[in-house]
Enquirer: 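Take a look at the following structure, please.
Chain letters run A, B, ... following the sequence lines, proteins first and then strands; every chain starts at 1. No experiment lies behind these values; they were computed from the predicted model shown.
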Amino acid sequence: MIEFKDVLKIYPNGTKGLNNVNIKINKGEFVVIVGLSGAGKSTMLRSINRLHEITSGEIIIDGKSITKARGKALLRCRRDIGMIFQNFNLVKRSTVLRNVLSGRVGYHSTIRTLLGLFPKEDINIALNALKRVNLEEKAYSRADELSGGQQQRVSIARALAQEAKFILADEPVASLDPLTTKQVMDDLKRINKDLGITTIVNLHFVDLARQYATRIVGVRAGEIVFDGPVEEATDDVFSSIYGRPVKQDEMLGAKV
Amino acid sequence: MDALKKRRLSLMKRLVTLIFIIVILWASSLGTEVSISSLMDGLPGMGSLFLEMLPPDWSYFSYVTEPMLETIRMAVIGTTYGAIVAIPFALLSSRNVVKWPVIYFPFRFVMNLIRTIPELLLAALFVPVLGIGDNAGIMALSVFSFGVIAKLAYESIEAIDNGPLEAMTAVGANKIQWIFYGVVPQVIASFVSYTLYCFEINVRAAAILGYVGAGGIGLYLNNTLKLFQYQRVSTIIIYTLIVVVIIDMISNKCREKLI
């Protein structure tokens with residue numbers, strides 16, 4: 001469970017990234033955060049694993065405060081949280097397998113990981129993770145030989161190899177075409193269902209959000225303006241989140 | 001009206017720059033007393049020297065092979081030492097690896113300071129300390145290589161993609177793992193390429209280090225010149241040329257493959 005308690009984030013220039021956010025995300029949920037760009041979706045997601053530091057308040061993950069965690073405890077917290085980025089964030093020159101194995105470094109001693117001496121078990125975990133996203137045969141290719149959609153699925157495999165309890169996906173399909181968008185979203189959904197990994201995704205496509213989410217959180221100007229099951233997220237609700245009627249280009253259908 | 005003024009101003013700027021450059025050139029040539037006529041006067045002398053160099057003393061080739069190998073060995077060891085010391089310095093000078101200016105500014109300062117010293121001067125400094133011979137040359141080349149490689153490496157570290165670094169933070173990697181999985185794979189190819197490039201420079205530099213007593217083929221060049229053995233001088237020059245060209249060729253091929 002992830003819990004935000006009175007979370008406030010003020011950027012150095014004075015803008016409020018998050019304004020008094022209180023929310024609980026339960027195990028196994030597939031939450032989609034929607035909102036205009038700049039509304040605070042990314043800030044909210046990144047404050048969970050402290051890629052962004054919050055100004056005040058507290059974020060609790062499975063009963064432990066990540067906000068107060070220091071040193072090794074913080075690394076342990078982060079190890080439990082997989083993250084998917086808009087630009088995949090793979091090391092392009094490294095092999096796919098090495099990229100996936102990089103998700104395992106939190107489980108081993110520094111010296112062992114520096115020498116690349118991962119136990120056989122870990123190689124199997126990594127290969128299984130690749131199998132789950134149907135990229136097992138690409139294990140020994142260089143990451144930059146893969147298409148964008150494939151690279152994104154490699155980054156999902158990295159989160160799986162990490163044996164994360166949570167997956168945060170920050171605009172995972174924003175740089176993909178509609179067909180690969182579907183594959184990536186399907187992979188995320190399947191992993192969420194099969195392994196029960198709590199998944200939080202930032203999206204700006206309204207129809208995608210409706211199709212995949214179990215729960216929708218609407219963010220505007222750093223505040224949560226809607227929080228409810230997908231059935232309740234009607235067109236009117238989206239309009240109120242966006243502060244205006246939903247435009248055609250906010251539907252993936254329009255992108256085809 | 002305003003546009004015309006701006007145009008005049010930029011014309012003025014160009015004119016001032018041109019005058020400035022001419023004055024500098026004129027002052028420099030005055031100071032060094034260089035003149036076309038003295039160059040002309042020297043021409044016949046150059047011609048006769050060139051004739052004295054011919055034919056090269058081919059039998060001398062085998063004699064200078066050992067010092068030539070020594071020169072290459074100096075370059076290999078010097079480059080390697082320099083490259084090894086450059087790694088931590090390059091990392092600690094990079095703003096995206098070390099977030100605190102308190103650390104990266106001093107490291108950059110030391111790096112830039114060392115880089116300003118020419119290798120011949122370094123050799124001249126090391127000869128009195130380590131004595132005449134290749135040790136002084138190796139030390140000079142190590143320090144020189146360190147300066148070159150550390151500078152180039154730190155610049156390429158600062159230019160890497162931030163994405164993988166963010167990803168490594170997110171998986172819970174500690175700082176050392178973060179460097180080895182996020183930074184190193186992104187810069188290793190350019191690092192090796194810079195090291196090879198530095199090796200090319202070092203082979204050339206090592207060939208003249210003997211002039212200040214720091215070992216290698218330069219010593220022989222110096223001696224034969226002093227004894228007016230011009231045919232041997234030309235042998236050494238030809239030999240050096242061949243070795244440098246071959247090493248440059250191999251190194252260039254390797255670097256092409258890396259990028």
Enquirer: Counting only heavy atoms closer than 4.5 Å, note whether A:Arg158 contacts chain B via side chain, backbone, both or neither.
Expert: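 Side chain only.
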
Enquirer: Considering only heavy atoms and a distance below 4.5 Å, find which of B:Ile176, B:Val171, B:Ile188 pairs most often with chain A.
Expert: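 Counting heavy-atom pairs under 4.5 Å, the top option is B:Val171.
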
Enquirer: Quick check on B:Asp161 against chain A: is it the side chain, the backbone, both or neither that has a heavy atom closer than 4.5 Å?
Expert: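 The answer is the side chain of B:Asp161.
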
Enquirer: Need one label for A:Arg76: side chain, backbone, both or neither, based on atoms under 4.5 Å from any heavy atom in chain B.
Expert: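 A:Arg76 has no heavy atom closer than 4.5 Å to chain B.
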
Enquirer: Can you name the nearest heavy-atom pair linking B:Phe180 to A:Arg98, along with the distance?
Expert: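 So the two residues come closest at O-NH2, 3.7 Å.
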
Enquirer: Check the surroundings of atom OH in B:Tyr81: do more than 12 heavy atoms from other residues, nucleotides or ligands lie under 6.0 Å from it?
Expert: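 Open.
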
Enquirer: Which residues in residues 194-207 of chain B have any heavy atom closer than 4.5 Å to a heavy atom of chain A?
Expert: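 Against chain A, none of the residues of residues 194-207 of chain B fall inside the cut-off of heavy atoms under 4.5 Å.
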
Enquirer: Flag the one option from A:Asn49, A:Val91, A:Leu101, A:Leu168 with the top tally of heavy-atom pairs under 4.5 Å to chain B.
Expert: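 Most pairs with chain B among the choices: A:Val91.
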
Enquirer: Using a cut-off of under 4.5 Å for heavy-atom pairs, which of A:Leu74, A:Leu51, A:Asn99, A:Leu114 has the most such pairs with chain B?
Expert: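 Counting heavy-atom pairs under 4.5 Å, the top option is A:Leu114.
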
Enquirer: Tell me, for A:Lys72 versus chain B, whether the close heavy atoms (under 4.5 Å) come from the side chain, the backbone, both or neither.
Expert: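 A:Lys72 has no heavy atom closer than 4.5 Å to chain B.
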
Enquirer: Which one wins on heavy-atom pair count under 4.5 Å against chain B: A:Ser102, A:Ser155, A:Gly106, A:Ser94?
Expert: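 The option with the most such pairs is A:Ser102.
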
Enquirer: Can you measure from CD (B:Gln177) to OG1 (A:Thr113) and round to the nearest 0.5 angstrom?
Expert: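 Answer rounded to 0.5 Å: 4.0 Å.
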
Enquirer: Tell me whether A:Arg79 at atom CZ has more than 12 heavy atoms from other residues, nucleotides or ligands lying less than 6.0 Å away.
Expert: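 Enclosed: over 12 neighbouring heavy atoms sit under 6.0 Å from CZ of A:Arg79.
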
Enquirer: Which atom names give the shortest non-hydrogen contact between A:Phe85 and B:Ala167, and what distance separates them?
Expert: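 Nearest pair, atom of A:Phe85 first, then B:Ala167: CE1-CA, 3.7 Å.
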
Enquirer: Kindly write out the residues that satisfy ring pair (Phe, Tyr, Trp, His ring centres under 6.0 Å) with B:Tyr239, not counting sequence neighbours, or none if the list is empty.
Expert: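 So B:Tyr239 forms a ring pair (Phe, Tyr, Trp, His ring centres under 6.0 Å) with B:Phe61.
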
